[in-house]
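What follows is a short report on a single structure.
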Amino acid sequence: MAYNITWTAEFETGIAIIDDQHKHIFDYLNEIDRAIACKSVEEIERVIKAIIDYSISHNTFEESLMEKAGYPLLEAHHQVHERFKERAHAYGARFEKGEDPIRLAREVRGDIGLWLTNHIKRDDKHYVSDVKRSLEGGFVARMLAKFF
Ligand SMILES: [Fe+2]
C-alpha cells in the first residue's frame, strides 16, 4: 500500500518556481495512485512516462539555478540527479520490455516516490540559501538596470 502523498510545509524551499515544480511532481505521484486504482494500463504508461520526463527536466532546471548562483556543491548534487536519471530510465526500460504494468507502477510509485520526496525534503534544502540570494540579486540588478 503506497503511503499518501500530501504537500506540507516540510517540503517547501521558499523558492516559488521550485515549489511549484515540486508540487507538480506530487500531483504526478497522486495521478499514479489513481491510475493504479482504475487499473488503467494506458493511463499508467502515460503518467509514468510523464513523471520520469518531468522530474529529469526539473532536476536539470535546478542545476541551472545552482550554476547561476555559483553554488559550490553543484557537482555533488548533479551526481545525485544522475543516479536518479539512471534509476528512472531503468524503470522506463522495464515498461518497454512488457513487464506487468500495474505491478511495475506500484514499484515505481513506491521507489521513485520515496526517492523524490526524500530528495525534496533533504537534499534540495542545501542549495536554497545560495539560489535564493542569486535570484533576489538578479532581480535587484535587473531593476537597477531598468531605472538607472
Ligand atoms: Fe535536486
Side-chain angles (χ1 to χ4, degrees), residues 1-37 40-97 99 101-143 145:
M1 180 63 193
Y3 47 93
N4 198 33
I5 290 280
T6 311
W7 180 267
T8 54
E10 66 180 330
F11 296 106
E12 263 164 36
T13 63
I15 301 166
I17 190 157
I18 292 291
D19 287 338
D20 284 350
Q21 293 182 4
H22 285 162
K23 281 177 189 161
H24 214 94
I25 288 173
F26 275 55
D27 290 342
Y28 277 131
L29 291 169
N30 286 313
E31 275 183 48
I32 297 176
D33 283 344
R34 285 196 292 277
I36 292 171
S40 165
V41 172
E42 210 174 284
E43 184 60 9
I44 283 173
E45 281 173 351
R46 184 196 67 80
V47 74
I48 296 283
K49 197 182 174 317
I51 192 173
I52 289 174
D53 289 350
Y54 187 82
S55 304
I56 290 171
S57 44
H58 160 72
N59 286 347
T60 306
F61 175 74
E62 275 186 354
E63 287 176 33
S64 74
L65 293 186
M66 288 182 236
E67 197 181 350
K68 256 182 236 149
Y71 178 60
L73 298 176
L74 167 61
E75 184 50 32
H77 205 121
H78 171 69
Q79 288 308 324
V80 172
H81 285 166
E82 284 297 297
R83 298 292 84 75
F84 173 81
K85 198 192 276 183
E86 284 164 15
R87 206 164 168 144
H89 281 152
Y91 281 118
R94 287 172 61 189
F95 270 102
E96 298 284 312
K97 269 199 233 149
E99 263 188 59
I102 295 179
R103 228 176 52 196
L104 195 49
R106 285 204 187 97
E107 199 182 325
V108 172
R109 168 64 171 80
D111 183 43
I112 294 285
L114 192 62
W115 192 98
L116 284 166
T117 49
N118 278 336
H119 182 71
I120 290 169
K121 195 158 58 179
R122 301 183 190 139
D123 303 342
D124 284 347
K125 296 289 164 66
H126 297 145
Y127 67 67
V128 167
S129 59
D130 285 37
V131 166
K132 237 184 200 165
R133 201 178 310 122
S134 131
L135 288 173
E136 281 157 11
F139 175 74
V140 172
R142 277 200 305 281
M143 291 304 277

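Along the sequence shown, residues are numbered consecutively beginning with 1. Not measured: the values here are computed from a predicted model. Remember, it's 1-based here, ligands and their atoms both numbered in the order they're listed.
Rounding to 10°, one obtains 90° for the angle at the Fe ion (ligand 1) between NE2 (His77) and NE2 (His119).
No other N/O/S atom of Asp124 lies as close to the Fe ion (ligand 1) as OD1 does. Of all N/O/S atoms in Glu62, OE1 sits nearest the Fe ion (ligand 1).
Considering every non-hydrogen atom in both Ala88 and Ile52, the closest pair reads O-CD1, 3.4 Å. Closest approach of Ile32 and Arg109 over heavy atoms only: CG2-CB, 3.9 Å.
Not a single N, O or S atom of Glu63, from either the backbone or the side chain, sits less than 2.8 Å from the Fe ion (ligand 1).
Open room surrounds NZ on Lys49; 12 or fewer heavy atoms of other groups in view lie less than 6.0 Å from it.
Donor-acceptor pairing under 3.5 Å is lacking for the side chains of Asn59 and His119.
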